[in-house]
Structure formats: structure tokens, C-alpha cells
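Below you'll find the structure, written out as C-alpha cells, and then a few comments.
Sequential numbering from 1 along the given sequence is applied to the chain's residues. What's counted below: heavy atoms across the whole structure, side chains too, no hydrogens, waters or symmetry copies.
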Amino acid sequence: MTFIQAMDYATSNPKDMERLFGEWEQATEGKRAAKRIVRTKYRDDPDRYFDLVFFDSFETAMENSELQETQEFAEKQRSLVDGDITYLDLEVIEEKQV
């Protein structure tokens, strides 16, 4: 079953955050378990972001979390956010095109 990890955070360093995402993508090429990433920005709060990372399963998400590159990314990401990151772990129960 598809698993999604959502991250809700604010940053006053969006360019640095984007650079960090790009570095992680390059560093994990061919070994990451993330299948799709949707990065969004709050329309009414320009410093707030909500990212969705899609995985085949919870287990593959946990394997991805254990990658050295993901651990380093998370540490650097915490230094770029204003406040805390809220993580949501979501099991997909239905998916369809309408």
C-alpha cells in the first residue's frame, strides 16, 4: 500500500532549502526509495511549505530514512527551518482519478 510522508514547515531560506533538496536528489540517485515528491507553498503564508513524499510502502520509507544521505539531509533541513517541522505519516487507503 502506498505510503506518504508529509512535512509542514516554515523557512526564510527557500533558495537554500531548494538547493538542499537538489543535493539530496543527486546524492541518492539510484538508491532512494522515494517515488514521487510534491513540494507546495502555502498561498496565504509565503514562508510556509508542505511537502509530500510518496513511497511504495511504509517499509521502503523507513529504508529511505536510514540512508546516510537522508540523515544528512534531515540534519541540514532542520538548520534551515524557522521553528519545527511537523511530520505526518499517511497510509493511502484509496487512490483514483476523478
Side-chain angles (χ1 to χ4, degrees):
M1 184 61 70
T2 301
F3 177 80
I4 301 170
Q5 183 172 68
M7 295 173 281
D8 186 0
Y9 60 92
T11 182
S12 52
N13 300 295
K15 292 201 183 304
D16 289 339
M17 188 68 76
E18 190 162 326
R19 179 190 45 77
L20 182 61
F21 270 101
E23 290 173 1
W24 176 83
E25 287 177 24
Q26 286 182 339
T28 59
E29 184 69 38
K31 57 182 164 179
R32 67 177 168 268
K35 299 296 183 184
R36 181 175 171 217
I37 298 172
V38 177
R39 297 190 63 226
T40 69
K41 181 176 173 177
Y42 280 68
R43 189 172 188 83
D44 58 348
D45 186 348
D47 289 336
R48 189 156 208 87
Y49 297 83
F50 192 82
D51 299 337
L52 299 162
V53 184
F54 294 76
F55 298 92
D56 287 337
S57 66
F58 173 76
E59 292 76 22
T60 59
M62 293 303 97
E63 290 170 11
N64 194 79
S65 291
E66 294 302 318
L67 292 174
Q68 175 78 25
E69 295 86 352
T70 301
Q71 295 290 318
E72 291 170 4
F73 167 85
E75 185 176 323
K76 291 175 183 175
Q77 184 185 36
R78 282 189 289 276
S79 72
L80 294 175
V81 298
D82 304 331
D84 293 325
I85 302 172
T86 299
Y87 293 93
L88 301 169
D89 293 334
L90 309 167
E91 294 282 348
V92 175
I93 57 171
E94 181 178 28
E95 183 174 351
K96 61 183 174 181
Q97 297 291 324
V98 295

- request: Evaluate side-chain hydrogen bond (donor to acceptor under 3.5 Å, both in side chains) for E75 paired with Q71, printing each intermediate quantity in order.
  value: CA-CA 6 Å; E75 185 176 323; Q71 295 290 318; over 6 Å; no

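To the nearest 0.5 Å, the span separating CG on D8 from CG on D84 amounts to 11.0 Å. Rounded to the nearest 0.5 Å, atoms CE (M7) and CD1 (I85) are 7.5 Å apart. Atoms CD1 and CD1, on I4 and I37 in that order, are 12.5 Å from each other to the nearest 0.5 Å. We find the OG-CE distance between S79 and M17 to be 8.0 Å, quoted to the nearest 0.5 Å.
Between the side chain of T70 and the backbone N or O of E66 there is no donor-acceptor pair closer than 3.5 Å. A donor-acceptor contact shorter than 3.5 Å links the side chain of N64 to the backbone of A33.
R39 places a side-chain heavy atom less than 4.5 Å from the side chain of E18. Between I93 and M1 there is no side-chain heavy-atom pair separated by less than 4.5 Å.
Within a 6.0 Å sphere centred on CG of D89, other residues, nucleotides and ligands contribute more than 12 heavy atoms.
Under a hydrophobic-cluster definition in which Ile, Leu, Val, Met, Phe, Trp and Tyr are linked whenever side-chain heavy atoms come within less than 4.5 Å, directly or via other members, L88 and V92 are assigned to the same cluster. Taking hydrophobic clusters as Ile, Leu, Val, Met, Phe, Trp and Tyr residues chained together by side-chain heavy-atom distances below 4.5 Å, F3 does not share a cluster with L52. By the criterion of side-chain heavy atoms lying less than 4.5 angstrom apart, applied directly or through intervening Ile, Leu, Val, Met, Phe, Trp or Tyr residues, L90 is grouped together with F54 in one hydrophobic cluster. Under the 4.5 Å side-chain contact rule for hydrophobic residues, M62 and Y87 share a cluster.
Of all heavy-atom pairs spanning Q77 and L20, the tightest one is N-CD2, 3.5 Å. Between W24 and A34, the shortest heavy-atom distance links the atoms CH2-CB, 4.1 Å. Scanning all heavy atoms of the two residues, the minimum distance from A6 to F50 falls at CB-CZ, 3.6 Å. Smallest separation of non-hydrogen atoms from T28 and L67: CG2-CD1, 4.3 Å. Between E23 and R19, the closest heavy-atom pair is OE2-NH1, 2.7 Å. Among all heavy-atom pairs drawn from D56 and T60, the shortest one is N-OG1, 3.6 Å.
Applying the ring pair (Phe, Tyr, Trp, His ring centres under 6.0 Å) rule to F55 yields no partners; only residues at least two apart in sequence or on another chain are considered.
No option in E91, R36, E95 other than E95 meets the side chain to side chain contact (heavy atoms under 4.5 Å, CB included) test with T2.
Using cut-offs of 30° and 60° for the angle between ring planes, the Y9 and Y49 rings count as parallel.
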